[in-house]
Amino acid sequence: MSVTGWEDADSYTLRGSGPRGTDDEAGRAGGSSLLTRVILMIVGCTLLVGMIAMGVSSVLVGRQQREALAHRAALIGTLQAASLGPAVWEYDTRAVEAMFGSLLAEDPAVRSVKVWAATGGRAPHSEPMAALERPAGRAELTTVERPVSIVDRNGERTVVGMLRLSYSLEEADSATLTALAPMAGLVFFSLLAVIGMISVLLNRLVLAPLARLTRSAGAIAAGDYRVRLRNRRADEIGQLTVAFNHMAETVHDYTERLEQRVAERTDELHRSSEQLAVVNRQVMDSIQYASLLQSAILPDERAMARRLDGVCVLWRPRDVVGGDFHIFRELEGGRFLVGVADCSGHGVPGAFMTMMVSAVLDHVLSEIPDSDPAAILGSLNRMVRAALARGRDNPRFDNGLDIGLCLVRPDRGDLLFAGGRIGLHIVDEAGEGAVSEVKGDAQSLGYRRSDGDHRFATHRVELAAGRSFYLTTDGFLDQAGGPRGFGFGNRRFNALLLEHRGLPMAERRAAFVQALADHQGDRPQRDDITLVGFAPAATPSSHP
């Protein structure tokens with residue numbers, strides 16, 4: 001147990017506690033910045049009050065000093081007027097000027113003194129009988145006027161002139177400063193005493209306990225949840241200490257329970273993670289096996305290459321398995337079927353659809369082995385609808401496919417095409433080249449909304465020399481990419497076919513993959529992608 005001795009509240013740490021905060025952290029937490037700010041506030045407030053008090057005292061003392069000087073000026077003017085009577089009566093200018101000179105020499109506050117004889121009038125333009133002046137300066141002046149008179153033998157007073165005395169009040173300012181100096185000193189030393197006493201009391205009663213609370217809070221923040229404060233006060237600081245101890249106790253208990261729960265949950269998560277890893281391995285093994293099964297229904301490109309002048313196949317499911325597949329079936333008489341199908345769904349559900357559709361297609365071909373593609377699609381539509389009829393009661397269950405199918409007849413030098421929402425792209429490589437498209441019917445197969453009696457259209461295309469054919473699902477055309485995230489689109493696809501028409505068919509796949517990757521960028525693949533390009537040999541026929 002470590003104890004820091006205080007007079008009112010001690011800090012202690014329970015046995016077995018964690019690390020305390022560092023000295024630097026404690027110094028930052030318990031520094032005297034708050035005390036400094038409080039002292040500065042006190043100094044500022046006291047200075048403001050002292051300045052106001054000194055200002056008010058300056059005004060009052062200055063007023064008193066000015067009144068005293070004005071009174072002295074009046075007294076001097078009265079005495080001077082009484083002594084000037086005989087000289088003014090006799091119009092003795094020298095005597096008057098001598099008196100004025102003595103007055104200016106004795107009293108430096110006198111700025112000017114003038115006297116007018118009674119016979120001279122007092123008009124502003126009249127000249128005084130005698131006048132003496134000294135520079136007035138910037139100080140405020142007060143003017144005293146007194147009548148000059150004499151008393152005859154009978155005691156009667158006769159006015160013989162007028163005295164005008166200008167008196168400077170500059171002495172009042174210096175006298176005010178002299179009077180306020182002791183008061184300013186008293187205020188200054190009182191301020192120092194008040195600041196000292198308040199600082200000591202504030203630091204002892206408030207700031208030091210707060211600093212201890214701060215250091216203890218820092219220790220809790222550093223992970224020492226056992227720190228406590230001893231309290232012997234009943235005021236607000238004591239209540240804060242009680243609240244802090246309660247908080248620390250709560251945090252300590254909660255942390256211990258939380259650590260126990262975390263340990264239990266960690267064990268549970270570890271066990272769940274192991275179970276999930278086992279399940280994930282089983283699922284991935286199943287999906288990988290499903291991929292092998294799905295690959296088994298896909299045609300062998302080497303078998304396709306033996307029957308075609310050139311072949312290009314791009315099969316890229318969005319997941320490990322997908323809902324796209326391509327078709328190649330050899331028929332009697334050297335004829336063969338080439339096509340692509342896009343079944344609903346992705347991943348495992350889509351893969352199940354491809355295997356079911358492939359099985360239904362094999363059944364249809366066994367019944368009509370040498371029929372045109374339109375008849376094959378019609379039978380496939382009806383049989384897929386029948387196979388999926390059991391789930392039609394569920395509104396969320398609605399599956400089907402889009403397909404494009406070509407019956408290549410080398411013996412007749414043509415091919416027959418039929419499609420359900422998938423078209424046939426034709427590239428004529430002669431000269432400047434040209435790209436055209438034979439659109440399939442706007443009719444999907446197998447869906448609830450599909451017309452079971454729909455008769456698909458058959459399109460005949462000649463197998464001209466230098467002509468190649470392409471079938472693709474919408475995964476290639478709809479792949480988002482580019483700066484705005486638009487789909488690849490038919491226009492860009494046709495330009496791609498035309499651009500690479502001169503390459504051997506086996507090398508065009510790499511060009512198509514690179515063009516798709518450049519367009520896609522960092523965006524994810526949004527659908528299964530299947531592309532089949534082929535160039536069958538043109539064989540002239542005598543048949544119509």
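Worth knowing before you read on, the calculation uses all heavy atoms, side chains too, and leaves out hydrogens, waters and symmetry mates. Each residue takes its place number in the sequence, starting with 1.
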So which atom in [X] and which in [Y] form the shortest heavy-atom distance, rounded to 0.1 Å?
X: Gln479; Y: Gln520; answer: NE2-CG, 3.6 Å
X: Gly322; Y: Gln294; answer: O-NE2, 2.6 Å
X: Ser168; Y: Leu69; answer: O-CD1, 4.3 Å
X: Val159; Y: Pro147; answer: CG1-CB, 4.2 Å
X: Ala87; Y: Ala95; answer: CB-CB, 4.0 Å
X: Leu229; Y: Asn245; answer: O-ND2, 2.6 Å

Tell me every residue that passes salt bridge (charged side-chain N to carboxylate O under 4.0 Å, His left out) with [X], counting only those two or more places apart in sequence or in another chain.
X: Glu90; value: none
X: Arg257; value: none
X: Glu133; value: Lys114

Taking only residues two or more places apart in sequence or in another chain, which ones pass side-chain hydrogen bond (donor to acceptor under 3.5 Å, both in side chains) with [X]?
X: Asp522; result: none
X: Ser291; result: none
X: Asp474; result: none
X: Asn490; result: none

Is any side-chain heavy atom of [X] closer than 4.5 Å to a side-chain heavy atom of [Y]?
X: Phe512; Y: Thr472; value: no
X: His246; Y: Thr250; value: yes
X: Val115; Y: Pro128; value: no
X: Ser149; Y: Thr158; value: no
X: Phe352; Y: Pro349; value: no
X: Phe488; Y: Leu496; value: yes
X: Val113; Y: Leu104; value: yes
X: Gln80; Y: Arg146; value: no

ask   = Does the pair Asp398/Arg449 count as a salt bridge with the N-to-O cut at 4.0 Å?
value = yes
message = According to ring pair (Phe, Tyr, Trp, His ring centres under 6.0 Å), who are the partners of His346, at least two apart in sequence or on a separate chain?
response =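 Scan of His346 (ring pair (Phe, Tyr, Trp, His ring centres under 6.0 Å), adjacent residues dropped) gives none.
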ask   = Looking at residues at least two apart in the chain, or sitting in another chain, which of them share a ring pair (Phe, Tyr, Trp, His ring centres under 6.0 Å) with Phe100?
value = none
Euclidean distance, [Y] [atom2] relative to [X] [atom1], rounded to 0.5 Å:
X: Asp92; Y: Met99; atom1: CG; atom2: CE; result: 8.0 Å
X: Asn494; Y: Leu498; atom1: CG; atom2: CG; result: 8.5 Å
X: Met247; Y: Leu240; atom1: CE; atom2: CG; result: 9.5 Å
X: Arg72; Y: Leu75; atom1: CZ; atom2: CG; result: 10.0 Å
X: Tyr470; Y: Cys312; atom1: OH; atom2: SG; result: 6.5 Å
X: Leu401; Y: Ser344; atom1: CG; atom2: OG; result: 8.0 Å

request  = Kindly check if the number of other-residue, nucleotide or ligand heavy atoms within 6.0 Å of CZ (Arg523) is above 12?
outcome  =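 Correct, the count exceeds 12.
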ask   = More than 12 non-hydrogen atoms from neighbouring residues, nucleotides or ligands closer than 6.0 Å to CE on Met51, yes or no?
value = no
key: Donor-acceptor pair between Asp518 and Gln514 side chains, under 3.5 angstrom   = yes
message = Looking only at the side chains, is there a donor atom on one of Thr530 and Asp324 sitting less than 3.5 Å from an acceptor on the other?
response =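 Looking only at side-chain atoms, Asp324 and Thr530 do form a donor-acceptor pair, the distance falling under 3.5 Å.
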key: Residues Met129, Val96; criterion side chain to side chain contact (heavy atoms under 4.5 Å, CB included); working and verdict   = CA-CA 9 Å; Met129 171 184 171; Val96 172; 3.9 Å; yes
Does any N or O in the side chain of [X] come within less than 3.5 Å of the main-chain N or O of [Y], such that one atom is a donor and the other an acceptor?
X: Arg164; Y: Glu145; result: no
X: Asp107; Y: Ala109; result: yes
X: Arg111; Y: Leu165; result: no
X: Asp402; Y: Arg421; result: no
X: Asp478; Y: Gly487; result: no

ask   = Which residue pairs pass the salt bridge (charged side-chain N to carboxylate O under 4.0 Å, His left out) test with at least one member in residues 57-68, sequence neighbours excluded?
value =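 Every pair satisfying salt bridge (charged side-chain N to carboxylate O under 4.0 Å, His left out) with a residue in residues 57-68: Arg66-Glu140, Arg66-Asp173.
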Residues 272-283 side chain polar contacts: donor-acceptor under 3.5 Å, at least two apart:
unit_1 : atom_1 : unit_2 : atom_2 : d
Ser272 : OG     : Glu268 : O      : 2.9
Glu274 : OE2    : His270 : NE2    : 2.8

task = Take Ile529 and Leu516, measure what side chain to side chain contact (heavy atoms under 4.5 Å, CB included) needs, and give me the verdict at the end.
result = CA-CA 11 Å; Ile529 296 174; Leu516 182 63; 3.6 Å; yes
request  = Go through Leu497 and Arg508 one step at a time and tell me if the side chain to side chain contact (heavy atoms under 4.5 Å, CB included) criterion holds.
outcome  = CA-CA 9 Å; Leu497 297 180; Arg508 297 183 190 183; over 6 Å; no
message = Which residues pass the side chain to side chain contact (heavy atoms under 4.5 Å, CB included) test with Gln65, not counting sequence neighbours?
response = Val61, Ala172, Ala175, Thr176
message = Pair Met353, Phe325 - check side chain to side chain contact (heavy atoms under 4.5 Å, CB included), show working.
response = CA-CA 10 Å; Met353 279 292 298; Phe325 71 102; over 6 Å; no
